[in-house]
Chemist: 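My questions will all concern the structure given below.
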Amino acid sequence: MLVTAALFQAISTRAAEPIKAPEPDRFPLMPCAFNAEALLGNRTLDQAVFLEMKECGFNIAGFALSRAELDEIHAAGMVAYYCAPELRHMNWADPNTENYPDIVERMVAEVGDHPALYGYFLADEPNVSLFANQVKMLELIRQAAPDKHVYVNLLPNYAPLEAIGTQSYREYLDRFIRDYRPERLGLDYYALMHWKDRQKLQGDYWLNLEEAREASLAAGIPLAMCTLAIPHLYYRQPTEDDLYFEVFSALLYGVQGFDFFTYFTPDSVFGYRQGPINEFGRKTPTWYALQNVLSTVHVIADLCSKLQSSRVYHIPQVPAEKGTRPADKNTLIASFDCDPEFRFAVGEFKHTETGDTYVMIMNKNLDFTRFFGTINWNRKPSKIETFNQRTGKLRPFRTDEGFLPPGKAVILKLTF
C-alpha cells in the first residue's frame, strides 16, 4: 500500500498528540518539588521547561517560588502552588505568631492576582505538635484567598510515632482532618523501594491505604497520594511497571489525585539520580515511563473521580500484609480460579452520578504478568464490561483480559 509523505506526516502527527490531562480540580497531577531549587544543567526555568512538564502529563507545575516563575508557568498553560519565602523554611515550632498576618498579606499582594496561581503551599509532613500554628496560618490564607487551594501533605505510617506525634497513625489522620478541615487528605508513601527484596513493600503499605481510605470516606473528602519517581538514598530506580503499581494500588483504595516526588533531579547528598529530568536538564527513560503512566491516568481520571470506594479485599489474603482483608460472603467476588500463589487486590466502587457498580482487579506482582482466570461471584452480574484504558470506552469483557501485567489493573462495569 502506498502512503504519501503528506498523509504519513498527518497520521504521525495525530498519533503523537498527547491525551488531554484532566482539569486540576477534577484530578490533580503534580510533581512534588520546588522547581527553582533543582539544577537543570545549562537550562533555565522557562516556558519550555514547563511545556515539557505539561507534555509529560502533569496539570499542576509543582511549587513556584516567585512571580517570575509563575509567569513562565502561565506561558506554558499550566498552574502552580506558590510558596512564599517565609514559608519555605518556616519554624512552625516558634510560639510567636504575631507576624503571620503580615506574611499572608505580603504573599497575597505578591501573587494573589496571578492567572497561574492555583493555591498556596503551607507545609509538608508536619508533626502534630505543629498543627496549631499551621492552622492559624491556614485560616489567615483562607480569609485572604478563599478561592485558592492550600497544600499540606502528611507523613506515611512507616514514620516513627515520635515523628508523627500521636499514639497511632489513624489518630494522626483524624487529628489532621479535624484541625485543618482540608479539601483533600493527602499523604506521602514510597512503597516499592524496599532495599532488600523487590517484591516486598516498605512498611505497612496496605494498612496505610486502608486507614487513609476510611478516614477520607468518613470526612467526605477526596484522597490523594504522593508517590516516588526518582531513586535516592536506598530507594531504587522505579520502572514503568513500578509506577503503574504505585498508581493502580492507590486508585484501588479510592485515590483521586497524585503527586510524584520528584520531577527534576536535585543536587543533594542523598544521591538523587535519573529523575524524569536529569541533572543536565535532559529527559530520561523515567520521563517516558511516567508519560505513559500519566497517559493512562488521563484516560481513566474522569471515571475514577466519580467512583466512591465501597470495599477493598485481597485474593488470596496474605496474613503478613497488615491491612489486607480477604474476600468474604459480602464481597462481589468470592475467588478466582488461578494459581494459588498469584496475588490480586480488588476494589469495589459505586458511581456517584449513575449508581453503577464497578470493580478494579489489580495484579500485585512487580515482575510478572498474572492471569486471574474465571471469576467466581458471590453475586453474579448479568453483564460485564471493560473500561478500555486506551479509548475510555466500555466494551464487552473478554476472558483474555484476565491477563494483567505487573502492577496493572482492569476496570469492570457490572450490571445486575
Side-chain angles (χ1 to χ4, degrees), residues 23-38 44-47 49-50 53-54 58-127 129-154 176-186 221-222 224 226 257 259 262-264:
E23 291 300 316
D25 283 348
R26 170 70 75 179
F27 206 101
L29 298 167
M30 183 185 81
C32 185
F34 295 92
N35 304 312
E37 294 185 354
T44 58
L45 204 62
D46 58 12
Q47 177 186 357
V49 167
F50 293 112
M53 183 184 289
K54 184 178 182 180
F58 293 103
N59 54 23
I60 301 176
F63 308 128
L65 293 174
S66 69
R67 188 177 180 94
E69 184 181 346
L70 285 174
D71 289 342
E72 301 300 327
I73 290 169
H74 179 61
M78 297 187 75
V79 295
Y81 288 95
Y82 173 71
C83 180
E86 296 96 328
L87 294 187
R88 178 66 187 97
H89 301 288
M90 188 76 172
N91 179 13
W92 293 108
D94 187 342
N96 182 12
T97 62
E98 294 179 359
N99 63 336
Y100 283 16
D102 292 337
I103 292 174
V104 173
E105 183 178 355
R106 287 194 298 271
M107 182 169 65
V108 174
E110 174 68 18
V111 300
D113 63 340
H114 201 288
L117 180 67
Y118 183 72
Y120 295 96
F121 172 89
L122 181 65
D124 186 42
E125 300 186 333
N127 181 284
S129 65
L130 308 178
F131 279 15
N133 281 355
Q134 289 181 6
V135 168
K136 287 181 182 179
M137 184 73 78
L138 173 64
E139 294 303 330
L140 290 169
I141 295 173
R142 284 175 171 161
Q143 292 170 19
D147 60 330
K148 299 301 178 184
H149 304 271
V150 179
Y151 184 94
V152 185
N153 221 35
L154 296 182
F176 173 73
I177 291 171
R178 184 195 71 190
D179 294 354
Y180 288 74
R181 297 177 292 109
E183 60 197 43
R184 288 179 178 266
L185 174 59
I221 57 176
C226 178
D259 303 346
T262 181
Y263 180 76
F264 301 116

Chemist: Does the side chain of Gln134 come within less than 4.5 Å of Asp179's, by heavy atoms?
Modeler: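 The answer is no, as the side chains (C-beta and beyond) never meet within the 4.5 Å cut-off.
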Chemist: Would you call Arg181 and Ile221 a side-chain contact if the rule is heavy atoms closer than 4.5 Å?
Modeler: no
Chemist: If you round to the nearest 0.5 Å, how far is CG of Asp147 from CZ of Arg142?
Modeler: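 Arg142 CZ to Asp147 CG: 13.0 Å, rounded to 0.5 Å.
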Chemist: Once rounded to the nearest 0.5 Å, what's the spacing between atom CG of Asp71 and atom CZ of Phe50?
Modeler: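 That separation rounds to 10.5 Å.
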Chemist: Between Tyr263 and Phe58, what is the ring plane arrangement, given parallel below 30°, perpendicular above 60°, and tilted in between?
Modeler: perpendicular
Chemist: For Leu154 and Leu185, run side-chain contact (heavy atoms from CB on, under 4.5 Å): C-alpha distance rounded to whole Å, both residues' side-chain angles, the deciding distance at 0.1 Å, then the answer.
Modeler: CA-CA 8 Å; Leu154 296 182; Leu185 174 59; 3.8 Å; yes
Chemist: Decide yes or no for Val104 and Met137: does some side-chain heavy atom of the first lie under 4.5 Å from some side-chain heavy atom of the second?
Modeler: yes
Chemist: For a ring pair (Phe, Tyr, Trp, His ring centres under 6.0 Å) with Tyr151, tell me which candidate from Phe34, Phe63, Tyr120 qualifies.
Modeler: Phe63
Chemist: Measure the shortest side-chain to side-chain distance between Tyr118 and Asp25 over non-hydrogen atoms and say whether it is less than 4.5 angstrom.
Modeler: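 In short, these two side chains touch, coming nearer than 4.5 Å.
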Chemist: Evaluate the side-chain proximity of Asn133 to Tyr100: yes if any heavy-atom separation is below 4.5 Å, no if none is.
Modeler: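 Tyr100 reaches Asn133 side chain to side chain.
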Chemist: Nearest 0.5 Å, what's the CD-CD1 distance between Glu23 and Ile60?
Modeler: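 Those atoms lie 10.5 Å apart.
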Chemist: At what distance, to the nearest 0.5 angstrom, does CZ of Phe131 lie from OH of Tyr180?
Modeler: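 These two atoms lie 4.5 Å from each other.
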Chemist: I'd like to know if the side chain of Asn153 reaches the main chain of Ala224, judged simply by a donor and an acceptor atom lying under 3.5 Å from each other, with no hydrogens or angles considered.
Modeler: no
Chemist: Side chains of Ile141 and Val108: does their closest heavy-atom pair fall under 4.5 Å?
Modeler: no
Chemist: Strictly distance-based, threshold 3.5 Å: is any side-chain N or O of Asn35 a donor or acceptor partner for the main-chain N or O of Ala61?
Modeler: yes
Chemist: For residues 72-95, run the donor-acceptor check on the side chains, cut-off 3.5 Å, and write out each pair with its distance to 0.1 Å, sequence neighbours left out.
Modeler:
unit_1	atom_1	unit_2	atom_2	d
Glu72	OE1	Gln47	N	2.9
Glu86	OE2	Arg106	NE	3.1
Glu86	OE2	Arg106	NH2	2.7
Arg88	NE	Glu37	OE2	2.9
Arg88	NH2	Glu37	OE1	3.0
Asn91	OD1	Ala93	N	3.2
Asp94	OD1	Asn96	N	2.9

Chemist: Ignoring hydrogens and geometry, is there a side-chain-to-backbone donor-acceptor pair from Lys148 to Leu117 under 3.5 Å?
Modeler: yes
Chemist: Go through the structure and list residues passing side-chain hydrogen bond (donor to acceptor under 3.5 Å, both in side chains) with Asp102, not counting sequence neighbours.
Modeler: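 None.
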Chemist: Answer yes or no: is there a side-chain heavy-atom contact under 4.5 Å between Phe264 and Leu45?
Modeler: yes
Chemist: Answer whether the closest heavy-atom distance between the side chains of Arg184 and Pro28 falls below 4.5 Å.
Modeler: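 Yes - at least one pair of side-chain heavy atoms lies under 4.5 Å apart.
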Chemist: Quick one: CD on Glu69 to NE2 on His114, what's the gap to the nearest 0.5 Å?
Modeler: 10.0 Å
Chemist: Tell me the closest heavy-atom pair linking Pro101 and Leu140, and the distance in Å.
Modeler: N-CD1, 3.8 Å
